[in-house]
Structures are given as structure tokens and as C-alpha cells.
Amino acid sequence: MRINLKWGWSLSALLLLAACDGQQDNVTVVRSQPLSPASAPSGQANTKTMTLGEALDKRPACDRTVWLQTNNLEQTGGQPATVEYQCDLSTAQIQVLFSAQWTAWVERHQRRLADSEKLKTAALDKKNSQQTEQALSTARWLFDQLQASGDLARYRSLVTGSPVQHLRLDGVNAFFASPEGLSYLATTLKTKKKIAVAQAALKAVTQTVTSTGLATDTKTTDVCQAPALFVLAVVLTPEEIDEALSECDAAVAQRYQTDIDVAEGKAKAARTMLETLNAPVTVEGAKEVITWTVSQSGVPQLSTHVFELTVNAGGTVRQVTKNPGYR
């Protein structure tokens with residue numbers, strides 16, 4: 001019985017030693033990878049060939065380094081073993097860098113908040129000035145006046161089908177005051193009475209439009225900015241003119257409110273971020289973790305590379321993992 005126990009104990013010890021040797025071998029395989037002088041970490045390059053383990057263990061940024069094997073071939077069913085390198089980064093150094101980055105984030109969102117408030121103020125000022133609303137209201141009055149007097153209908157009859165059907169009001173006046181325009185009137189209207197009526201309608205429309213101060217041209221594609229163009233558009237029916245003015249009323253009100261809402265949304269997002277960033281934040285831990293897989297043939301392959309940052313934000317501990325962006 002004693003012999004069996006001794007034999008069993010010896011076998012267990014041998015198996016344990018073999019497992020430790022296997023783990024150490026895989027770590028050694030990774031650590032012993034040679035580095036050329038040019039690829040050694042900054043400040044460590046020299047003429048002597050340095051191993052990966054020596055380079056990573058001598059990094060000044062690390063307070064402590066640990067090498068370990070997280071699994072072996074038996075545990076993974078014959079799949080490659082995994083070797084892990086951990087570097088506990090200097091918390092004091094990381095805190096300095098982190099504080100600088102934190103300050104940059106605060107300043108960025110402060111600028112965003114200020115810009116958003118300016119946009120909101122500008123949108124409110126534009127809405128409160130009511131220039132477009134006043135122009136639309138005046139255009140509505142102009143339309144009703146010219147409709148009631150019959151001058152708009154006579155103007156439309158005069159201009160429709162003429163060479164100046166698509167010109168501005170000043171162009172229409174210039175044409176009908178020219179010899180060519182007078183000849184056109186004589187040819188199309190024939191009688192002096194009809195010509196006089198048409199000329200009187202043109203004059204009445206021109207005087208009424210001028211008295212309103214409304215623009216008869218626009219440099220933008222937004223015709224709602226110059227609603228007199230709707231009133232003078234001979235290609236539109238009176239019903240279509242009325243509908244266009246109503247649509248402009250609704251569109252202008254919505255546009256101002258949309259601008260205000262967008263600016264307020266941006267300001268709210270910036271304020272929320274600033275509330276988060278204004279909480280006291282300290283770095284409690286910073287670790288760099290690199291893993292390799294080691295195949296059965298003993299060839300190591302870089303697997304993952306991440307930074308793990310543990311921060312205390314206002315009493316809440318959070319861990320942030322960042323991938324440097326390569327495998």
C-alpha cells in the first residue's frame with residue numbers, strides 16, 4: 001500500500017512539473033522572440049539583439065510586468081495555447097495624460113455649447129423680427145387688393161403670351177414703354193381704348209407693388225422670401241397663388257421652429273456631456289495587455305492588444321477598454 005501511494009504521489013508530481021514546464025516553455029517561446037535594434041522600444045535600441053521579453057520588461061512606463069499562460073493545449077483540445085503579457089502602467093503618469101485629455105474634452109463641449117446658444121439666439125432673433133411673416137402678410141394684402149380692383153386680372157391678360165411673360169415687373173414696364181411694346185399693343189389689342197385700359201392696369205399694379213416695398217426678384221431659390229413673385233406670376237391661377245402664400249406661411253413658421261429645435265438639441269447634448277465631465281475623475285488603474293497564441297509547432301502569433309483603464313467618476317468606478325487599432 002505504501003508503495004502504491006509513493007508511486008501515485010510521484011506520478012502526480014511529474015505531471016504537475018510537466019504542465020509547469022509546458023506553460024513556461026510557451027511563455028519562453030514568446031519572450032525569446034528576437035527584435036532588431038530598429039524595432040526595439042524608444043530609448044532601448046542598441047547594437048545588441050534584444051528579445052521581446054527584455055524589451056517589454058524594461059519599459060519605463062510599466063510599474064510592474066507579468067507573463068502568464070492562460071490556457072494550454074490540453075485545456076483547449078489541441079488548439080493553440082495563449083500567452084498573456086500584462087503591464088501595470090504608472091498611475092501617476094496616466095493621470096497627468098488623462099487629466100489633459102479630460103480638460104480638452106471639457107473645452108470642446110464648452111465651445112459646442114456656446115456655438116449652439118449662438119445658433120439658437122440667431123434663430124429666435126430671426127423669428128422675432130418677423131420680416132418674412134410681414135412680407136407674406138403684405139403679399140396677401142397686395143393680392144387681395146389687386147384682385148378686388150380687377151387690375152390683377154387685366155395685368156395677367158396683358159402679359160400672358162407676350163414676349164415678357166416670364167420677366168420681372170421692371171422688365172415688363174420697360175418692354176411696354178418701348179416702341180416694340182407699343183407695336184405689340186397695337187397689334188394685339190388694336191383699339192386705343194383697350195390699349196389705354198391695359199396700360200392703366202400695368203401702371204396700377206406697378207404703383208401698388210412699389211407702395212408695399214416688396215421685392216419683385218430674389219437671388220435665392222426660396223420664393224417665399226419674395227412673395228410678390230407669386231402675385232405677379234401669370235402662369236399661376238388665383239387659386240394657386242392663394243395656396244402658395246398659405247404654404248409659405250406654414251413653411252416659414254416651421255423653418256424657424258426647426259432651427260430653434262436643432263440648436264436647442266445641440267445645446268442640451270453639450271450640457272449633458274459637461275455635467276458628466278464636471279464630475280471628479282481619478283485614474284485608479286491602467287493596464288496594457290498583449291496576448292499571443294502559440295501553435296503546436298511552437299510559432300507565436302500576436303492575438304490581441306488592449307489598454308484597460310479603471311477610472312472613478314464621481315464615486316462610480318468604470319473600466320474602459322481601448323484597442324490601439326491593429327491586430
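Here the structure is a predicted model, which is why all the values come from computation and not from measurement. Numbering starts at 1 and runs along the sequence shown.
- Of the possible donor and acceptor atoms, one in the side chain of Ser149 sits under 3.5 Å from a partner among the backbone N and O of Leu146.
- Classified by interplanar angle (parallel below 30°, tilted 30° to 60°, perpendicular above 60°), the ring pair Trp292/Trp67 is parallel.
- Within the structure, the salt bridge (charged side-chain N to carboxylate O under 4.0 Å, His left out) test picks out no pair touching residues 190-213 (sequence neighbours left out).
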Stepwise salt bridge (charged side-chain N to carboxylate O under 4.0 Å, His left out) check, Asp115 with Arg112: CA-CA 5 Å; Asp115 291 343; Arg112 288 181 178 177; over 6 Å; no

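- Side-chain atoms of Ser211 come within 3.5 Å of backbone N or O of Thr208 as a donor-acceptor pair.
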Candidate pair Lys120 and Asp259, rule salt bridge (charged side-chain N to carboxylate O under 4.0 Å, His left out), full reasoning: CA-CA 7 Å; Lys120 181 180 178 181; Asp259 290 344; over 6 Å; no

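- Around atom CD of Gln301, no more than 12 heavy atoms belonging to other residues, nucleotides or ligands sit under 6.0 Å away.
- With hydrogens and angles ignored, the 3.5 Å screen pairs no side-chain donor or acceptor of Glu288 with any backbone N or O of Phe307.
- In this structure, a donor-acceptor pair under 3.5 Å is absent between the side chains of Thr65 and Arg59.
- For the side chain to side chain contact (heavy atoms under 4.5 Å, CB included) criterion with Val159, the lone passing option out of Leu232, Val172, Val205 is Val172.
- With 3.5 Å as the limit, one finds a donor-acceptor pair spanning the side chains of Thr291 and Thr304.
- A donor-acceptor pair under 3.5 Å links the side-chain atoms of Gln33 to the main chain of Val29, judged by distance alone.
- The structure places OH of Tyr85 at 11.5 Å from NZ of Lys287, a figure rounded to the nearest 0.5 Å.
- The backbone N or O of Phe143 lies less than 3.5 Å from no partner atom in the side chain of Gln147, so there is not a single donor-acceptor pair.
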Worked check of salt bridge (charged side-chain N to carboxylate O under 4.0 Å, His left out) between Lys266 and Glu117: CA-CA 9 Å; Lys266 292 181 178 179; Glu117 294 290 0; over 6 Å; no

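- The same ILVMFWY cluster, assembled from side-chain heavy atoms under 4.5 Å apart, contains both Leu274 and Trp102.
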